[in-house]
Amino acid sequence: YQIEREMENCGYFEKFRRQGLEDFRVTLDPEAKEKYRIKVEARQGGESRAPLRTVAELVLGRDSLAKPAELRSCFL
């Protein structure tokens, strides 16, 4: 997914890895009409059978896309 690639490029996953997290799953809520809702789930390193837990959730209003490019570049 493009969103996962952008989050990797912006360093989000690296920050999570330093906290011992791995096996990331990023979802975009298709039901959100007025906002973009992005959820990042992960497992603690070495716990491949553990359930995923939410480690970050980002909600952007559609008007957020009108912000300057330097603010958008690490979100989209």
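Predicted, not measured: the structure shown is a model, and the values here were computed from it.
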query = Less than 4.0 Å between a side-chain N and a carboxylate O, is that true for Glu14 and Arg17?
reply = yes

ask   = To the nearest 0.5 Å, how far apart are CD1 in Ile38 and CD1 in Ile3?
value = 4.0 Å

Interatomic distance, Glu41 atom CD to Arg53 atom CZ [nearest 0.5 angstrom] = 11.0 Å

request  = Apply salt bridge (charged side-chain N to carboxylate O under 4.0 Å, His left out) to Arg25 and list each qualifying residue two or more places apart in sequence or on a separate chain.
outcome  = none

query = Can you tell me how far the CG atom of Asn9 sits from the CD atom of Glu4, to the nearest 0.5 Å?
reply = 12.0 Å

query = Is the closest side-chain heavy-atom distance between Tyr12 and Val40 below 4.5 Å?
reply = no

task = Give the minimum heavy-atom separation between Glu22 and Ala42, together with the two atoms involved.
result = O-CB, 3.5 Å

query = Is the closest side-chain heavy-atom distance between Gln44 and Leu21 below 4.5 Å?
reply = yes

ask   = Between Leu52 and Leu28, is there a shared hydrophobic cluster once you connect ILVMFWY residues whose side-chain heavy atoms come closer than 4.5 Å?
value = no

request  = Grab the two heavy atoms, one from Arg43 and one from Glu47, that are nearest each other, plus how far apart they are.
outcome  = CD-O, 3.3 Å

ask   = Rounded to the nearest 0.5 Å, how far does CG of Leu58 lie from CZ of Arg37?
value = 10.0 Å

Gap between atom CZ of Phe13 and atom CD of Glu8 - 0.5 Å precision = 6.0 Å

